[in-house]
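The structure presented is a predicted model; accordingly, all values stated were derived computationally and were not measured. The first residue in the sequence is number 1, and the count goes up from there.
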Amino acid sequence: MNSIVFLFILGLVQFLSSTTASSTTSDGKPFPHKFPAILIFGDSTVDPGNNNYILTAFKGNHPPYGIDFPGQIPTGRFSNGKLVPDLLASMLGLKESVPPFLQPSISDRELLTGVSFASGGSGFDELTTAVSGVISMSRQIEYLKEYIERLIKILGEIEAQKIVGGALVIVSAGTNDFIFNFYDIPTRRLEFSVSGYQDFLQNKLHDFIKELYDLGCRKIIVSGLPPIGCLPIQLTAKHSILRRCVDKENLDSQTYNDKLQKLLPRVQETLPTTKILYADAYAQLMDMIKNPQEYGFVEATRGCCGTGILEAGPLCNVGTPICPNHSQHIFWDSIHPSESTYRYISEQLLKELLPKLSQTEDSC
């Protein structure tokens, strides 16, 4: 690489790091973080459009998805607007949205500040992606390797590893595993109890974190399960008339989360210089569902798209009517939260978890 170009890019990275240091929290106070980039793995809750570039029916690249995204563009995000990674990246001063790694036109500058490898419909269980035909978690690791190779070509190995080691890494998956394989299509119920399946998935997660570590990731947030039994699609499957949360599925989510909170510190102990934090995807969303008016919501059991009880992905399309006020719905479609919901979750993460990660020493 031309030395002048290298110095320019290195200067760009340092500039981005210095500008993000002045980011502020929602109360206007400075946020002391050290994240040069953001790297995302998981399912449709964090997929900004990787599924656009693979052969699958699980796509959100058509209206009305993206109706509240800048430019009203259906980018492939399964929401009316931005996702948690986008909002966090913006709050941290990194960028206004996180691009999909598979985007053909992605620039070197975008790569430097991070990407998402996530794929709508993915999960820790290989059977999940066999059903959905999307990008498996193991394949997402392979894409991370490709990403690192590209960083090395841009910056050299030492600077590339500094970015990966200092990056905010988010892992969000597991919901599809239960919905696809245990609840609605009970394939795994033939061989596992719910407790056994939880352990099976968390063993997969353990291996996944170890692979992230081996590739240089050091600052990792792992999301627990949401209240699966309160997703509109699950209400439709089990309590279509009463629209009441499925208590058993919520209890399973809580049990999974309890196990995960105990697992992550044990994993961290085996991986030197690493900080692994648990993100509670259950409590705040459940509080929104139980007390929607306190958050400015008026609808907690139906999505905004169509009837709100079934439509998602290809069923939520250009011919589907939508609710008049998107921000008043907790859910955008029958599975995915609205941007307003994601914004509350992002603010909570910024306030409670990111300062703990930013206090860790750089790994390189």
Derivation of the side-chain contact (heavy atoms from CB on, under 4.5 Å) call for D125 and K204:
CA-CA 7 Å; D125 188 345; K204 297 283 187 181; 5.6 Å; no
Report the C-alpha separation of Y183 and D252 in whole Å, then their side-chain angles, then the decisive distance to 0.1 Å, and conclude whether the side-chain contact (heavy atoms from CB on, under 4.5 Å) test is met.
CA-CA 11 Å; Y183 297 141; D252 292 344; 2.8 Å; yes
side-chain hydrogen bond (donor to acceptor under 3.5 Å, both in side chains) between S334 and R302, worked out
CA-CA 7 Å; S334 66; R302 298 171 184 266; over 6 Å; no
For R266 and E269, run salt bridge (Lys or Arg N to Asp or Glu O under 4.0 Å): C-alpha distance rounded to whole Å, both residues' side-chain angles, the deciding distance at 0.1 Å, then the answer.
CA-CA 5 Å; R266 296 199 301 268; E269 288 177 359; over 6 Å; no
List the steps, then state whether side-chain contact (heavy atoms from CB on, under 4.5 Å) holds for L277 with K356.
CA-CA 8 Å; L277 298 179; K356 296 177 183 178; 3.7 Å; yes
Intermediate values then yes/no, side-chain contact (heavy atoms from CB on, under 4.5 Å), L205 and M137
CA-CA 9 Å; L205 171 59; M137 298 298 285; over 6 Å; no
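For the pair S253 (side chain) and P226 (backbone), a donor-acceptor distance under 3.5 Å is present. Remark: side-chain polar atoms of S223 are not paired, donor with acceptor, to backbone N or O of S172 under 3.5 angstrom. Between the N80 side chain and the W332 main chain, no donor and acceptor come within less than 3.5 Å of each other. In terms of modelled atom types and a separation under 3.5 Å, the side chain of Q140 and the main chain of E142 share no donor-acceptor contact. Checked by atom type and distance alone, the side chain of S136 pairs as donor or acceptor with a backbone atom of R139 at under 3.5 Å. A distance-only check finds a donor-acceptor pair linking the side chain of Q202 to the backbone of Y256 [under 3.5 Å]. Of the possible donor and acceptor atoms, none in the side chain of T341 sits under 3.5 Å from a partner among the backbone N and O of P337. A donor-acceptor pair under 3.5 Å is formed between the side chain of N51 and the backbone N or O of F58. T320 places a side-chain N or O within 3.5 Å of a backbone atom of L315 that can act as its donor or acceptor partner. At least one donor-acceptor pair under 3.5 Å links the side chain of Q268 to the backbone N or O of I276.
Salt-bridge formation is not detected for the pair K262/D258: no Lys NZ or Arg NE/NH1/NH2 atom is positioned less than 4.0 Å from an Asp or Glu carboxylate oxygen. Looking at R343 and E339, a side-chain N of the basic residue comes within less than 4.0 Å of a carboxylate O on the acidic one, giving a salt bridge.
N50 is listed as a side-chain neighbour of S116, based on a closest heavy-atom distance under 4.5 Å. When side chains are defined from C-beta on, I330 does not count as touching T301, because their heavy atoms never get closer than 4.5 Å. Between L92 and L168 there is a side-chain heavy-atom pair separated by less than 4.5 Å. Proximity of S97 to R77: side-chain heavy atoms (C-beta onward) are separated by under 4.5 Å at one or more points. F78 places none of its side-chain heavy atoms less than 4.5 Å from the side chain of L83. Taking the side chain as every heavy atom from C-beta outward, E110 and P99 approach each other to under 4.5 Å. Counting heavy atoms from C-beta on, the side chains of I309 and L235 never come closer than 4.5 Å. The shortest side-chain heavy-atom distance between P70 and E96 does not fall under the 4.5 Å cut-off.
Following chains of ILVMFWY side-chain contacts shorter than 4.5 Å, one cannot reach F69 starting from I38, and the two form parts of different hydrophobic clusters. Under the 4.5 Å side-chain contact rule for hydrophobic residues, L264 and I220 share a cluster. Under the 4.5 Å side-chain heavy-atom criterion for grouping Ile, Leu, Val, Met, Phe, Trp and Tyr, Y282 is not connected to I345 through any hydrophobic cluster. Residues I335 and Y65 do not share a hydrophobic cluster, clusters being chains of Ile/Leu/Val/Met/Phe/Trp/Tyr side chains in contact below 4.5 Å. In the hydrophobic clustering of ILVMFWY residues, with side-chain heavy atoms under 4.5 Å counting as a link, L260 and I221 come out together.
From N317, atom CG reaches atom CD of E311 across 9.0 Å, with rounding to the nearest 0.5 Å. Here the CD1-NZ distance, from I141 to K210, works out to 11.5 Å after rounding to the nearest 0.5 Å. Rounded to the nearest 0.5 Å, atoms CG (L102) and CG (D47) are 9.0 Å apart. To the nearest 0.5 Å, the span separating CG on D177 from CG on D43 amounts to 8.5 Å. In this structure, the separation between CG on L127 and OG on S132 is 9.5 Å, given to the nearest 0.5 Å. Annotation: the span from K95 atom NZ to D86 atom CG amounts to 9.5 Å, rounded to 0.5 Å.
Taking each heavy atom of A173 and G42 in turn, the nearest pair found is CB-CA, 4.1 Å. Scanning all heavy atoms of the two residues, the minimum distance from G229 to N250 falls at N-OD1, 2.8 Å. The shortest heavy-atom contact between S122 and N176 is O-ND2, 2.9 Å. Closest heavy-atom contact between F297 and S338: CE2-OG, 4.3 Å. Pairing each heavy atom of A89 with each of V98, the nearest pair is CB-CG2, 3.8 Å. Among all heavy-atom pairs drawn from Y53 and P100, the shortest one is CE1-CG, 4.2 Å.
Residue pairs that meet the disulfide (SG to SG under 2.5 Å) test with at least one member in residues 249-307, sequence neighbours left out, are C304-C323, C305-C316.
For L55, the CG atom is loosely surrounded, since the number of other residues' heavy atoms within 6.0 Å does not exceed 12. More than 12 heavy atoms of other residues, nucleotides or ligands shown are found within 6.0 angstrom of CD on E146.
Under the 3.5 Å distance criterion, with hydrogens and angles disregarded, a donor-acceptor pair is assigned to the side chains of Q234 and E249. Side-chain contact, T128 with N181: a donor N or O sits under 3.5 Å from an acceptor N or O. A side-chain donor from one of S44 and H336 sits under 3.5 Å from a side-chain acceptor of the other. Side-chain polar atoms of Q348 and S346 form no donor-acceptor pair below 3.5 angstrom. One side chain, S195 or K259, offers a donor N or O that lies under 3.5 Å from an acceptor on the other.
Between F200 and F124, a ring centre-to-centre spacing not shorter than 6.0 Å is recorded. Annotation: F178 is in aromatic contact with Y197 [ring centroid separation under 6.0 Å].
A perpendicular orientation is assigned to the rings of Y147 and F117, their planes being inclined by more than 60° (bins at 30° and 60°). Under the 30°/60° scheme for interplanar angles, the aromatic rings of F41 and F208 are found to stand perpendicular.
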